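Throughout, numbering of the chain's residues begins at 1 and tracks the sequence. What's counted below: heavy atoms across the whole structure, side chains too, no hydrogens, waters or symmetry copies. Just so we're clear, the structure is a prediction, and the values are computed from it rather than from any experiment.
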Amino acid sequence: MRFMPALALLASLTATTGCHSAYVEATVSNRTDKPIELLEVDYPSASFGTQNLAPGADFHYRFKVLGSGPMKLLYTDSAHQDHKSDGPFLKEGAEGTLAIAITLTGINWQPAPTVTSGR
């Protein structure tokens with residue numbers, strides 16, 4: 001019976017600390033004056049995207065990095081021209097924010113330091 005208070009304390013600490021799952025919160029922004037017709041972001045082990053991204057619009061996506069490798073952005077503009085941009089290298093367990101801005105002058109990748117360093 002001496003262990004009951006210690007067991008209760010351990011159970012309450014476990015419940016209050018909870019579990020933490022590392023993820024990357026990505027935002028892809030169209031900062032051009034034309035719509036983007038097809039958008040794909042590749043990251044280690046998967047990809048995400050959208051069919052349309054209007055001028056001035058943002059697309060938000062949250063993902064978990066499994067494995068390690070480079071990111072890549074592929075998109076088709078309104079003139080049906082394909083574009084590709086290589087992004088940062090991600091390590092498994094990476095977490096934080098990642099902003100990808102498609103502008104008239106190119107693609108700007110802005111990862112938080114924790115995204116590119118991983119654990």
Side-chain angles (χ1 to χ4, degrees):
M1 290 295 174
R2 298 175 81 188
F3 297 108
M4 286 303 243
L7 186 58
L9 177 63
L10 180 62
S12 69
L13 286 176
T14 302
T16 58
T17 57
C19 295
H20 174 75
S21 180
Y23 63 88
V24 174
E25 184 73 39
T27 301
V28 182
S29 303
N30 180 359
R31 298 296 173 249
T32 70
D33 57 356
K34 304 278 190 223
I36 294 172
E37 295 185 355
L38 183 62
L39 173 83
E40 179 181 322
V41 178
D42 296 333
Y43 62 95
S45 77
S47 63
F48 65 89
T50 185
Q51 288 285 54
N52 295 298
L53 191 60
D58 295 329
F59 179 73
H60 303 281
Y61 192 81
R62 186 166 99 166
F63 62 93
K64 183 173 183 76
V65 180
L66 301 174
S68 297
M71 292 191 73
K72 183 174 22 175
L73 171 72
L74 306 157
Y75 73 95
T76 303
D77 64 22
S78 61
H80 304 289
Q81 297 294 313
D82 294 330
H83 302 268
K84 176 186 169 194
S85 175
D86 294 325
F89 186 90
L90 300 182
K91 293 181 184 177
E92 186 164 340
E95 65 181 321
T97 59
L98 169 65
I100 307 167
I102 301 169
T103 70
L104 294 172
T105 58
I107 311 301
N108 297 319
W109 295 82
Q110 299 171 342
T114 54
V115 169
T116 54
S117 63
R119 283 197 231 177

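Taken from CE in Met71 to CG in Asp42, the straight-line distance is 8.5 Å, to the nearest 0.5 Å. Taking CG of Leu66 as the start and CD of Glu92 as the end, the distance is 5.5 Å to the nearest 0.5 Å. Taken from CD in Glu25 to NE2 in His60, the straight-line distance is 8.0 Å, to the nearest 0.5 Å. Of the inter-residue distances, the one linking Leu98 atom CG with Thr114 atom OG1 reads 10.5 Å to the nearest 0.5 angstrom. The structure places NZ of Lys64 at 9.0 Å from CD of Glu95, a figure rounded to the nearest 0.5 Å. Separating the CD1 atom in Ile107 from the CG atom in Asp86 is a distance of 11.0 Å, to the nearest 0.5 Å.
Applying the side-chain hydrogen bond (donor to acceptor under 3.5 Å, both in side chains) test to every pair with at least one member in residues 97-109, sequence neighbours left out, gives these pairs: Ser85-Trp109, Thr103-Thr105.
Contact check for Pro35 versus Ser78: side-chain heavy atoms found under the 4.5 Å cut-off. Taking the side chain as every heavy atom from C-beta outward, Ile102 and Val28 approach each other to under 4.5 Å. With contacts defined as side-chain heavy-atom distances shorter than 4.5 Å, the pair Asp77/Lys34 does not qualify.
For the pair Pro70 and Phe89, the tightest heavy-atom approach, listed with the atom from each and the gap, is N-CD1, 3.8 Å. Taking both residues in full, the closest heavy atoms of Gly93 and Ala22 are given as O-CB, 3.5 Å, listed atom of the first, atom of the second, then distance.
Remark: Phe48 engages Tyr61, Phe63 in a ring pair (Phe, Tyr, Trp, His ring centres under 6.0 Å) (not counting sequence neighbours).
A distance-only check finds no donor-acceptor pair linking the side chain of Arg62 to the backbone of Ala26 [under 3.5 Å]. Between the side chain of Asn30 and the backbone N or O of Ala54, at least one donor-acceptor pair lies under 3.5 Å.
Applying side chain to side chain contact (heavy atoms under 4.5 Å, CB included) to Tyr75 and the options Leu53, Thr50, Leu38, Leu39 leaves one that passes, Leu39.
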